[in-house]
Each structure stands twice: as C-alpha cells, then as structure tokens.
Number of protein chains: 2
Amino acid sequence: MPSTHRDVAPGPRPTSRDVARAAGVSQATVSLVLGGKWQGRVSPRTAAAVREAATDLGYRPNLAARDLRLGSTRTALLVVPALTSEFFGNVYAGAVAVAAEHGFGLVLYPSPQGVGTARNPFESTRGALDGVIASSMAADALREIRGSFPGGQALPLVMLDSAPPTAPGDPGHREPDAPAPAARDTTATVNHDLADGMRQVVGHLTGLGHRRITHLGAAIDSWTFRVRSRTFRESMATVPDAVPGSEPADLSVGGGQTAARRALTGPGPRPTALVCDDDTIAAGACKAVRRLGLSVPGDVSVTGFDDLSLATALDPELTTVRLPAQQLGAHGMRALLDLLAGSFTERPPLPVTLAVRDSTAPAPRR
Amino acid sequence: MPSTHRDVAPGPRPTSRDVARAAGVSQATVSLVLGGKWQGRVSPRTAAAVREAATDLGYRPNLAARDLRLGSTRTALLVVPALTSEFFGNVYAGAVAVAAEHGFGLVLYPSPQGVGTARNPFESTRGALDGVIASSMAADALREIRGSFPGGQALPLVMLDSAPPTAPGDPGHREPDAPAPAARDTTATVNHDLADGMRQVVGHLTGLGHRRITHLGAAIDSWTFRVRSRTFRESMATVPDAVPGSEPADLSVGGGQTAARRALTGPGPRPTALVCDDDTIAAGACKAVRRLGLSVPGDVSVTGFDDLSLATALDPELTTVRLPAQQLGAHGMRALLDLLAGSFTERPPLPVTLAVRDSTAPAPRR
DNA sequence: GGGGCGACGTGTTACGTATAACGTCGCTCG
DNA sequence: CGAGCGACGTTATACGTAACACGTCGCCCC
C-alpha cells in the first residue's frame with residue numbers, strides 16, 4: 001500500500017487554485033467540490049477529477065483564509081482549573097476527539113492559579129472563538145468568564161460540572177451564579193451525576209456498618225463540591241443513628257492530611273470513615289490515619305472521588321467514585337456544537353460508578 | 001479604577017479601518033503604528049492618537065487576516081506522549097507561558113496511544129505551523145514526526161529530552177535517530193541532565209550502604225529512558241562490590257509492581273534497593289515490596305523519577321529525582337523562537353536535584 | 001530659485017477561500 | 001419555433017491585514 005501523500009517537491013504549499021489548474025477547472029469549482037456542496041452543481045466526473053487532483057497535490061486548505069472568509073474560526077476554548085491533573089487531561093482528550101471529528105480546533109486555557117481564580121481567558125487566546133467550555137470552575141471564576149466575553153457579545157458557553165442540573169426533583173434550588181435569562185439560549189450544562197456518586201459512597205459505607213462518617217470537603221466554592229456536601233448531609237440524614245461530620249480540606253495531599261488529622265483527633269467519638277471530595281485529599285487522609293497509629297481500612301475506611309491513577313497507586317488501593325471524565329469532555333463539546341447549530345437539548349447527567357477497592361472495610365466492632 | 005475595556009455596544013467587532021476612521025488617519029497608518037514599525041514614519045502625536053482610538057474601541061486585530069497576510073500562524077505544536085500526566089502538563093505550562101509572551105499560540109497534540117506510537121500530528125492540526133516541539137518521544141515516533149512534515153518542507157523542530165546532548169565527553173555515541181544533516185539548522189535539543197540525576201540516585205543509595213541495586217527501566221525505546229539505563233550501569237561500575245540488576249517495566253503502577261516482584265523473587269541474592277525510571281513505576285514497586293511481606297524502606301529502598309505529586313502522596317514519601325518540567329517547556333519554546341530567528345545556540349542541560357524522602361534508608365545489616 | 005531630501009502619510013495590492021450572481025449550453029414543451 | 005429550464009460551471013467579490021511604492025509638503029543648501 002503506497003503512502004497517501006505523494007512527495008511534492010517544490011512550492012511552499014499548494015492552493016486551491018493550483019488544484020483547479022491541475023484539474024482543468026476554476027478555483028470556485030474546487031471550493032464547491034471540496035466543500036461538499038456540489039449536489040447538482042457539478043457533474044460527478046469533474047468532482048472526482050477535482051478530488052483526485054487535490055489528494056494528488058497533497059492539498060490542504062489554508063485555514064487562515066477560510067476563517068477570514070467565513071468569519072468563524074471553528075475553534076473553541078476549554079477552560080480548566082489546572083492542566084496538571086489527570087482528570088482535566090481526560091476531559092480535554094474527550095473534547096478534542098469530538099472537536100476534531102467536526103473539523104473544530106480546541107485550545108486550552110489552564111487557569112493559572114488553580115481552582116478558584118481565573119484570569120481573563122480571552123487575553124491569552126489567539127483570535128476569535130466560536131464558543132467556550134468551562135470545566136469545574138469556581139463560581140466567581142465562572143462569573144468572570146461570562147463577563148469577559150469580547151465586545152460584550154454573547155459567546156456560546158458550555159459549563160461542565162459547574163451548574164445545577166435542571167432536575168425536576170430539585171425545584172427550589174437557586175444558584176447564586178445562575179445564568180442571566182438573556183444568555184439562556186447560548187448556555188448549556190453537562191454534569192456528572194455527582195449526587196448519585198455521593199449517595200453510592202454513603203450507601204456503601206453504611207452498608208458496611210459505619211455510622212460515624214466525616215466528610216472532608218474541598219474548600220472551594222463551586223457546584224462540583226457543593227453538591228457533594230449537600231448530598232452527603234442529605235444521605236446521612238436518612239440513616240438511623242448516623243453521626244455525620246464535616247471538615248474543610250485544601251485540594252491537595254497536605255490539605256487532606258491536615259483535615260483528616262483534625263477530624264480524627266477532634267472532640268467526641270472518632271469517625272470510622274472519611275469521605276473525601278477527591279482522590280488527592282483521600283491520599284492525604286490515608287497518611288494522616290497512619291501517622292496516628294491507626295490503619296486503613298482496619299480502623300478507618302477512606303473513600304475518594306475521580307478514580308485517578310493515584311487511586312490504585314496507593315496501598316491499600318482506594319475505594320473511589322469513578323467519573324467518566326473523557327465522556328464529560330466529549331459530551332461538552334457535542335453540546336457546544338449543538339448550541340452553535342441551535343439544536344441543543346439538555347441531557348441527563350452522566351452516570352457514575354463506585355469502584356470498591358481495599359480502603360473500605362466493615363466498621364470496627366465497638 | 002475604571003475597567004480598561006469600555007463597553008462597545010454595537011458592531012460585531014472593530015477592524016483596523018474603524019480605528020483609522022476614529023483616529024482620522026488611513027488604515028495603513030493604523031497597521032504601521034500598531035505593528036510597532038513606525039519609527040520615523042509616523043509622528044509621535046498621530047501614533048498616540050491611533051493607539052488611543054484603538055484601545056478606545058477595544059480593537060483587537062483579526063488574527064485570521066494577519067496570518068493570511070503574513071503566511072505565518074505564529075503557532076507551534078507541542079507533541080506529548082500523554083496529556084493525562086502531570087509531567088507533561090508542566091511542560092505545557094512552561095512552554096505556553098513563553099509562547100504567550102511572544103504572541104505565539106501553542107497547540108497540543110497528545111499522542112493518543114501513550115508513549116511509543118504517534119500518529120501523524122499534522123492531521124489533527126488546524127492550519128499551518130511555524131514549528132514543532134516534541135517532548136520525550138520514542139525514537140520511532142520522532143522519526144515519524146520528522147517524516148510527516150507537510151509538503152516535505154523542513155519545519156523547525158525542538159526535541160525535549162529526546163536526543164543526546166552534544167556533550168564533548170560523549171563523542172562516540174551515535175544515535176539511530178540522529179537528525180539528517182540537512183535538517184541540522186532547523187533542529188534543536190533541550191534536555192534535562194538525566195544522567196546526573198541517575199548518578200545522584202546511585203550515589204545516594206551506595207552512600208547508604210546499598211550494593212545490590214536493581215534498575216526497573218521503562219520498557220520504551222527513547223532517549224529519556226536509554227540514558228537512565230546507561231548511566232545506571234556506568235555509575236554502578238565505579239562502585240566496588242556493586243551488584244547491579246535490571247528489569248524492564250511497563251510505564252504504569254501495574255508494570256512497576258510486576259517488574260519489582262520479578263526483581264525481588266528472582267534467583268540470587270535479593271536486591272536491597274530498586275531504582276525506578278518513573279514515580280509511577282516506583283509506586284508499583286512499593287506495592288510489590290509490601291505484598292511480599294517486606295517493608296519500604298526497612299528491607300528495600302525505592303527511588304523514582306520526576307517528582308510528581310504522587311511522590312508525596314505515597315506513604316512513605318518517595319525519594320525521587322526532581323525534574324524541572326516547566327523549565328523544560330519554557331526552554332523548549334525559547335529554543336524554537338531562537339530557531340525561527342536564526343539565532344539558536346545549544347545550551348547546557350537543565351540541572352536536576354534529588355529529593356530525598358522516606359522511601360530510602362541505610363541498607364539492612366547482612 | 002530650484003533641486004533635493006527628509007518627514008509624514010496614503011493608495012493599492014495580495015494573501016486563499018467561499019459564495020452570490022451570472023453565463024452557456026442542449027433539450028423539452030407549449 | 002422560441003421560450004424556458006435544468007445541468008454545469010465560471011467570474012467577480014469580500015473578508016481584514018501588512019507592506020510596497022508612491023505622493024505631498026516644508027525646508028535647506030548650493
């Protein structure tokens with residue numbers, strides 16, 4: 001099988017006019033054929049000739065020219081709190097795959113200061129954009145993103161794990177960062193079913209006999225983490241004799257360690273399980289447990305969120321909620337494309353599963 | 001302090017002609033002034049007027065038009081083996097910062113199948129590129145990247161941790177993927193001083209009394225890992241009574257676990273230290289040690305490479321070689337800019353440091 | 001006094017593409 | 001038989017920018 005590219009020695013780069021010359025037609029015809037809109041305008045044989053000439057010359061359209069002509073860059077911006085995270089790497093991977101499928105580019109804007117602060121994403125962006133996808137952003141960062149649209153124009157915006165699902169069972173809930181009505185039709189939301197994830201965690205632990213359970217919640221004001229806290233409280237409230245606790249934690253190993261130490265050495269009976277908002281926090285929690293001379297899961301069970309590769313790197317391996325981050329990115333990109341096409345319809349949140357491993361065990365007797 | 005952007009209600013987006021109208025000059029003058037090449041061609045007062053009009057209207061040049069005109073996209077491609085890695089996230093962060101400083105864009109191409117295979121990076125790339133930065137790629141992937149330059153033209157290429165440094169002390173070493181002489185002037189190399197890192201590891205361990213040391217080398221054919229293996233052997237050769245071992249490992253927790261089990265249960269005396277090519281492998285190694293009823297670092301010391309956050313998430317915390325990945329990215333981007341300016345000069349490799357933590361201890365007596 | 005020159009700008013063009021508007025056939029049908 | 005129409009293409013234009021080549025002054029100097 002020969003290479004699909006023939007080696008084209010000369011010339012900087014073939015243009016559509018070169019293809020036209022080679023095929024014996026006009027440049028306009030080349031554009032029509034290669035644009036796919038030649039139904040009934042160009043005969044099949046000339047169309048074939050054009051395509052052959054194009055692949056023959058190794059023609060690739062000049063996107064700068066196309067973008068200039070169309071006034072659209074076919075490029076979206078993905079804003080993530082941090083790039084150095086496996087989770088967001090997966091979100092990106094999912095989104096970029098769908099984007100490429102549709103001839104879209106995807107440029108990344110890693111909010112530099114970690115979750116919580118996002119500088120104007122458009123400053124660092126080259127040229128115009130067709131839309132923005134923001135993943136797991138803090139509330140104030142989201143507000144700023146919305147406010148910084150260039151020229152005040154309403155750019156389509158997709159928020160991932162950032163807004164409350166419009167579930168009918170959750171009617172009275174008003175978010176402080178609810179989108180302005182004007183932006184309604186250019187805004188979409190794609191979420192993991194994080195509430196269900198938390199419910200699964202609590203169910204798993206209470207099923208193992210745990211009653212004194214403390215939630216190590218990430219100290220960040222975003223929907224992603226608020227929904228975890230709320231659902232934790234709600235789920236625990238349905239369990240007789242349950243003793244829920246709660247401790248804020250920085251989103252890091254050290255943060256988890258500190259928070260876990262506070263939770264385990266505080267007044268009152270010691271919790272037998274720690275529910276962490278994140279695998280990283282959970283890793284810190286495990287360290288804290290051991291520093292206190294206790295064992296995971298013998299004395300204290302620990303759970304995480306995200307199912308990063310970290311979860312199985314730890315020893316014992318971490319019981320954690322597996323989030324299909326790649327799917328999230330893919331659905332987010334699809335939502336943006338739908339938004340651009342004017343055909344977006346809200347979809348149900350993405351299902352999550354609980355990966356049960358070795359960091360959870362039956363509650364110790366007494 | 002008022003916002004720097006005035007709210008411009010109408011019009012889709014101001015063009016340079018709008019600025020010209022507002023400033024009472026021609027579009028050409030706007031272009032000159034804003035392009036910064038108005039020395040002696042435009043009076044300072046008109047230049048000031050133009051700039052004021054521009055910021056006043058919130059003018060931002062249309063990059064599609066500029067790219068079309070200049071034939072350059074001011075965009076580079078960064079090819080990394082995997083995006084879901086903290087290490088490459090840091091490389092990207094460093095590179096993108098420098099790129100933005102110089103008005104360059106940086107688009108990411110995560111080679112989908114992990115280290116070792118890279119599909120044509122240009123297929124997934126929108127439009128033309130000014131250069132490519134490839135980080136820690138396997139030898140065959142590098143070859144393919146070089147072969148897939150569009151139109152056969154020689155795109156400037158910077159390789160990070162991918163080629164031998166041109167150190168005078170290393171004369172006889174010929175790489176199978178040495179760049180063709182023709183591409184010499186459009187190719188640059190930026191490396192971590194990985195050899196020194198490995199020397200520090202071996203020095204640290206032998207200083208602690210270890211003699212039976214096994215290297216868990218990543219089973220990937222790339223310079224990054226070849227240099228580790230080579231330097232391990234060379235360093236061990238200088239130590240009297242040293243018993244070096246070596247075991248290939250897949251680049252994952254599971255791979256490290258398997259390789260460590262082989263190393264520890266093989267024939268001959270058991271090694272007292274495992275030198276891993278990567279923190280992930282080291283995490284697996286720690287698990288394997290414990291599965292055999294041994295302890296880290298009591299019975300077996302373990303070291304890693306990269307100093308990912310994983311290193312401090314583990315318990316005990318990992319002794320590992322800290323690589324300034326962000327610096328690597330930054331230097332790589334700078335090298336590319338120099339290459340484009342025709343002023344590139346090879347620089348010495350980036351120094352690395354050994355982060356000594358709790359996974360290494362004096363060799364057990366007897 | 002006029003030729004020249006420096007300072008200060010402007011008219012014009014091209015980059016490569018997509019598409020609206022416009023031919024030009026050959027055939028059919030009233 | 002000519003009007004009309006469908007099939008098949010082409011001509012022309014605009015997108016916004018950068019830069020070349022060319023004015024148009026005022027002033028100096030021979």
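Every heavy atom of this structure was used, including side-chain atoms; hydrogens, water molecules and symmetry mates were not. We name chains A, B, ... by the order of the sequence lines, and we start the count at 1 in each one.
Residues passing the side-chain hydrogen bond (donor to acceptor under 3.5 Å, both in side chains) test with D130(B) are S72(B), sequence neighbours excluded. Evaluation of the salt bridge (charged side-chain N to carboxylate O under 4.0 Å, His left out) rule for R51(B) yields no partner, not counting sequence neighbours. Remark: T46(A) engages S43(A) in a side-chain hydrogen bond (donor to acceptor under 3.5 Å, both in side chains) (not counting sequence neighbours). Qualifying side chain to side chain contact (heavy atoms under 4.5 Å, CB included) partners for A93(B), counting only residues two or more places apart in sequence or in other chains: Q326(B). The salt bridge (charged side-chain N to carboxylate O under 4.0 Å, His left out) check on R21(A) picks up D18(A), with sequence neighbours excluded. Every residue two or more places apart in sequence or in another chain that forms a side chain to side chain contact (heavy atoms under 4.5 Å, CB included) with R334(B) is listed here: V98(B), A330(B), H331(B), R347(B).
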Would you give me the side-chain donor-acceptor pairs under 3.5 Å for residues 335-345 of chain B, sequence neighbours excluded?
none

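Candidate nucleotides dT17(C), dT10(C), dC15(C) were compared by shortest atom distance to the side chain of S26(B), and dT10(C) ranks first. When distances are taken from the side chain of K37(A) to each of dT17(C), dG16(C), dT19(C), the shortest belongs to dT19(C).
Remark: N90(B) CG to Q327(B) CD distance equals 11.5 Å, nearest 0.5 Å.
Residue pairs meeting the side-chain hydrogen bond (donor to acceptor under 3.5 Å, both in side chains) criterion with at least one member in residues 29-40 of chain A, sequence neighbours excluded, are S26(A)-T29(A).
Within residues 28-36 of chain B, the residues approached by DNA chain C to less than 4.0 Å at the level of any non-hydrogen atom are A28(B), T29(B), in residue-number order. In the region residues 40-53 of chain B, proximity to DNA chain C at under 4.0 angstrom, judged on heavy atoms, holds for R41(B), V42(B), S43(B), T46(B).
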For nucleotides 26-28 of chain C, give me every protein contact, N/O to N/O, under 3.5 Å, one pair per line with atom names.
none

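Under the 4.5 Å side-chain criterion, counting only non-hydrogen atoms from C-beta, L106(B) is in contact with Y92(B).
Of the possible donor and acceptor atoms, one in the side chain of N191(A) sits under 3.5 Å from a partner among the backbone N and O of D161(A). Formation of a donor-acceptor pair under 3.5 Å by the R66(B) side chain with backbone atoms of G71(B) is not found in this model.
Nucleotides of DNA chain D that come within less than 4.0 Å of any heavy atom of chain A span, from the 5' end to the 3' end, dC8(D) to dG16(D).
A straight line from CZ of R13(A) to C1' of dT17(C) spans 12 Å, rounded to a whole angstrom.
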